[in-house]
Amino acid sequence: MEVYLCAMQILDGQIVSQATKDKLKLKTGQLIAAGKKVPHLAAILVGNNGASETYVGSKVKTCEEIGFKSTLVRLPEDISEFKLLSAIQDLNDDPDVDGILVQLPLPKHISDEKVINTIDPSKDVDGFHPVSVGRMVQGLPTFIAATPHGIMLMLEHYKIDTRGMHAVVIGRSNIVGRPMSILLSGNGNPGNCTVTICHSHTKNLKEICLQADIIVAALGRPEFVTADMVKEGAIVIDVGITRVTDPTKKRGYSIKGDVDFRNVAPKCSYITPVPGGVGPMTIAALMKNTYRACMEKN
Ligand code: NAD
């Protein structure tokens, strides 16, 4: 029988995000005391998707906690693409607004691409605009998509030296997997990894994962990453958030990550829980981006 002795440490997104928010709150207090403008985040929510309501609600609440100004623009599910683009343009033109986010997913009749491309890159705090992505790829200062940015902040906080590690990123979406792979391969710390990016057409995923020093699971399949896919001592970052029907819960569902936490955790050196891992870091990173947008403009 194989016995593994390495102590596993939880990467606690609540603690790290709280530390990040506390710093921002302090800096915002200083802006207020000096009579300066505070950061202002505007969020657009189209329709009434339950998960999107929750995400936008916590972003607005976090703005309040820190002392940022926030505006929530609610638009109906059947709004035309033209009207949505006009609403974004109004926020682009409003000098008081520093950051703009449009909560995804959008209804099918609206093009994500057109929406993202309409946001002024200087207010693109979600980091999805091609200008932001291009600058990130070139390693230039820019807004980095909140989820990968939050993961990098967490690795930094725990002083994890990722240099030379083999990182396997599962998922190649524009908002998580692909930017994550670029950041981990970047020349910095955290970074300097050798990165393999996997997706739905990847063959031998288990064998590839078994070679990983770091696994970032961002595919949206509950408990997909099982213990037999993880090398002993690996670092596992679970991005997945899926609502799974659960009659034992009052709200009728529970939240599952992409990793079978109970069985994978004992093999890891570090692992993020779900909830309480990457999720809170995503919001903290968004707040950092909003603060930065305000500082750059004013
Ligand atoms: P997505 O659906 O856009 O992309 C999923 C990716 O996974 C695709 O690239 C696909 O090729 C890949 N994939 C699907 N099945 C696979 C398989 N069997 N093997 C290998 N790869 C496979 O999803 P997304 O927007 O990147 O989100 C991924 C997950 O992360 C979701 O659960 C989402 O809710 C969650 N998420 C969490 C946060 C957070 O703050 N924690 C933020 C964004 C997304």
Side-chain angles (χ1 to χ4, degrees), residues 10-14 16-17 20-21 43 49-59 61-62 101-106 108 112-113 115-116 125-128 133 143-155 167-184 195-212 215-226 228-230 236-244 253-261 271-289:
I10 297 278
L11 298 173
D12 191 326
Q14 299 283 13
V16 186
S17 87
T20 309
K21 290 188 290 184
N49 172 300
S52 295
E53 290 264 359
T54 309
Y55 296 145
V56 170
S58 40
K59 289 168 189 175
K61 194 168 145 257
T62 307
L101 75 86
V102 180
Q103 188 64 42
L104 302 177
L106 289 166
K108 294 256 180 306
D112 288 7
E113 192 187 333
V115 165
I116 289 166
V125 287
D126 254 341
F128 299 159
V133 177
F143 298 114
I144 293 170
T147 302
H149 186 190
I151 293 170
M152 296 300 273
L153 290 173
M154 181 138 68
L155 294 170
V168 170
V169 178
I170 315 174
R172 60 177 166 186
S173 72
N174 287 340
I175 65 169
V176 190
R178 202 176 292 277
M180 194 70 242
S181 69
I182 291 160
L183 294 171
L184 286 172
V195 179
T196 303
I197 180 156
C198 301
H199 45 75
S200 48
H201 295 276
T202 298
K203 289 179 183 156
N204 306 327
L205 183 65
K206 179 180 165 183
E207 285 69 25
I208 295 168
C209 285
L210 278 168
Q211 293 168 26
I215 295 177
V216 180
L219 67 161
R221 304 264 169 118
E223 301 185 335
F224 179 90
V225 176
T226 46
D228 61 336
M229 294 167 77
V230 178
V236 174
I237 310 288
D238 188 352
V239 184
I241 302 180
T242 307
R243 289 182 176 197
V244 178
Y253 65 87
S254 46
I255 301 289
K256 292 269 181 225
D258 285 346
V259 176
D260 173 11
F261 183 88
I271 186 167
T272 62
V274 175
V278 174
M281 288 311 301
T282 296
I283 296 192
L286 174 70
M287 296 299 135
K288 267 192 95 136
N289 283 352

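In this chain, numbering begins with 1 at the start of the sequence shown. These values consider heavy atoms only, across backbone and side chains, with no hydrogens, waters or symmetry-generated copies. Numbering of ligands and ligand atoms starts at 1, following listing order.
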message: The test is side-chain contact (heavy atoms from CB on, under 4.5 Å); show your working for Tyr55 and Ile241 and say whether it passes.
response: CA-CA 11 Å; Tyr55 296 145; Ile241 302 180; 3.5 Å; yes
Among protein heavy atoms, which sits nearest to [atom], and what does the distance come to when rounded to 0.1 Å?
atom	answer
atom 8 (C) of ligand 1	Arg172 N, 4.0 Å
atom 31 (C) of ligand 1	Gly220 CA, 3.6 Å
atom 3 (O) of ligand 1	Ser173 CB, 3.4 Å
atom 42 (C) of ligand 1	Thr147 OG1, 3.1 Å
atom 20 (C) of ligand 1	His199 O, 3.1 Å

Under 3.5 Å, is there a donor-acceptor pair between the side chain of [X] and the main chain of [Y]?
X	Y	answer
Asn49	Ser52	yes
Asn289	Val125	yes
Asp238	Asp258	yes

Numbered atoms and elements of ligand 1 in range of [X], under 4.0 angstrom, heavy atoms:
X	value
Thr282	39 (C), 40 (O)
Gly171	6 (C), 7 (O), 9 (O), 12 (C)
Ala218	5 (C), 6 (C), 7 (O), 28 (C)

message: Taking side chain to side chain contact (heavy atoms under 4.5 Å, CB included) as the criterion, tell me which of Val239, Val278, Thr282, Ile170 meets it with Val176.
response: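 Among the candidates, only Val239 passes.
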message: Once you restrict to heavy atoms under 4.0 Å, what part of Arg221 touches ligand 1? Side chain, backbone, both or neither.
response: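 Side chain only.
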field: Straight-line distance of Asp126 CG to Gln103 CD, nearest 0.5 Å
entry: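 Reported value, rounded in 0.5 Å steps: 7.5 Å.
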Quick test of your reading of the structure: of [options], whose heavy atom lies closest to [atom]?
atom	options	answer
atom 25 (O) of ligand 1	Ile170, Ile175, Thr242	Ile175
atom 17 (C) of ligand 1	Ile241, Leu219, Asp258	Leu219
atom 10 (C) of ligand 1	Pro280, Ser200, Ala285	Ser200
atom 35 (C) of ligand 1	Val239, Ile151, Val176	Val239

- prompt: Are Leu155 and Ile237 close enough, and set up right, to give a side-chain contact (heavy atoms from CB on, under 4.5 Å), and what steps lead you there?
  reply: CA-CA 10 Å; Leu155 294 170; Ile237 310 288; 4.3 Å; yes
Answer with yes or no whether [X] contacts ligand 1, where contact means a heavy atom under 4.0 Å from a ligand atom.
X	answer
Gly279	yes
Thr202	no
Phe224	yes

task: Show your reasoning for whether side-chain contact (heavy atoms from CB on, under 4.5 Å) applies to Ser58 and Ile283.
output: CA-CA 8 Å; Ser58 40; Ile283 296 192; 3.5 Å; yes
message: For a side-chain contact (heavy atoms from CB on, under 4.5 Å) check, start with the C-alpha distance between Val230 and Val225, then their side-chain angles and the critical distance, and finish with the verdict.
response: CA-CA 8 Å; Val230 178; Val225 176; 3.8 Å; yes
- prompt: Taking atom CD of Glu53 as the centre, does the number of heavy atoms from other residues, nucleotides or ligands within less than 6.0 Å exceed 12?
  reply: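 Atom CD in Glu53 is crowded, with more than 12 foreign heavy atoms closer than 6.0 Å.
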